[in-house]
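This report concerns only the one structure given below.
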Protein chains: 2
Amino acid sequence: MANTTGYDIADALGLLLRRSTRARLYAHLTEGLGKAVDELTYPVLSGLARTGPLSAAELGREVGLDRTTVTRRADRLESAGLVQRRQDPVDGRATLLTLTRQGHETIAATRQRLAAAIEDGLASWSEADAQTFARWLRRFVDEGPFAPQRD
Amino acid sequence: MANTTGYDIADALGLLLRRSTRARLYAHLTEGLGKAVDELTYPVLSGLARTGPLSAAELGREVGLDRTTVTRRADRLESAGLVQRRQDPVDGRATLLTLTRQGHETIAATRQRLAAAIEDGLASWSEADAQTFARWLRRFVDEGPFAPQRD
DNA sequence: GGCAGAAGCGTGCGGTGCGCACGCTAATCT
DNA sequence: AGATTAGCGTGCGCACCGCACGCTTCTGCC
């Protein structure tokens, strides 16, 4: 690949990864839902939805957080009624973090809200363009420099 | 736009914005350079390179941080010799944050390193594909939901 | 079968980053 | 010239993070 191309991608990615971009995204995401879901708790909730019931340690490995950090974020989600702790039936030590019905509803609503925000933002794009971009982005996420390591 | 497209984009974006992705990116970025440039100080350094000499308050507006936070991050960059504080010649109150020669060299090396990491990660892509993706990504950053607000 | 080590969990603790509030200096306005 | 505004640095309280500790439960070995 020519050097300038990697440069262009890095530049655009840099903007996308700016903290403020994240913050704006999460503002869309939280608004209207309970305060329990924020920038910190969302990855836990989302990861749990993706993987199914998991221990704090495993979920931590999944989302790249320390075990204890997951525990504390899960505490909040639990007191908000979105997550429930269950005894692991086969291992008496382990506690499985599980989404409640409300947790499932919340994460679904969140994703829908997020999708809607992106659609609004891309209102000037044609449907075909948006689909093309979505495919490229997916391919980059799957095959790009950040893909291999499961985190 | 069809609902499912916004959904796909949101999904891929979510992965891209994961904290661990950022961390991995910044690991590439810092490695080999002094410890002064990290996930926290990089946006300040980078913003300064993009805009030229700026006061802490203006730079804060530029990168979406509180004035005082910029000041403290700049402190570190200053003691590492990458940033220099200069009296604003036309406003005695203002202090302009300026990149030193070493600061310029560091940011250039950082960007090159980043571009190289992305090229490595996309080794399996053709040059044409990479360029096409770069163009789409740039267009999304410029025209997409996160574009309008200068941060 | 019992005991030692490993694995899992929650919590206390120190370190660190953030933004607000305060006080100071310099510019601007009347 | 006096008053108000703008800019800056720093003290302070708050929140988050990961490590270390102690507890319980499982596992492997004699």
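All chains are named by letter (A, B, ...) in the order of the sequence lines, taking the proteins before the strands, and each is independently numbered beginning at 1.
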Set of salt bridge (Lys or Arg N to Asp or Glu O under 4.0 Å) partners for B/Arg67, sequence neighbours left out:
none

May I ask you to say whether A/Arg72 pairs ionically with A/Asp66, meaning some side-chain N is under 4.0 Å from a carboxylate O?
no

Along nucleotides 24-30 of chain C, 5' to 3', which nucleotides get a B, which get an S, and which get a -, given that the test is a protein heavy-atom distance under 4.0 Å?
--BS---

Between B/Arg93 and B/Asp88, is there a salt bridge with N-O shorter than 4.0 Å?
no

Nearest-Å distance for atom pair CZ/P, residues B/Arg67 and D/dG9:
8 Å

In whole Å, I'd like the distance from the CG atom of A/Leu40 to the P atom of D/dC14.
18 Å

Do A/Arg85 and C/dG10 share a donor-acceptor pair, side chain to base, under 3.5 Å?
no

Quick one: on DNA chain C, does A/Arg72 or A/Leu96 contact a more 5' nucleotide (nearest heavy atom)?
A/Leu96

Does B/Ser55 make a side-chain N or O approach to OP1 or OP2 of D/dC8 shorter than 4.0 Å?
yes

So do the side chains of A/Ser126 and A/Gln131 get within less than 4.5 Å of each other, counting heavy atoms only?
no

Counting distance alone, no hydrogens or angles: does the base of C/dG17 have a donor or acceptor under 3.5 Å from a partner atom on the side chain of B/Arg76?
no

According to a strict under-4.0 Å criterion, is B/Thr68 in side-chain N/O contact with OP1 or OP2 of C/dG19?
no

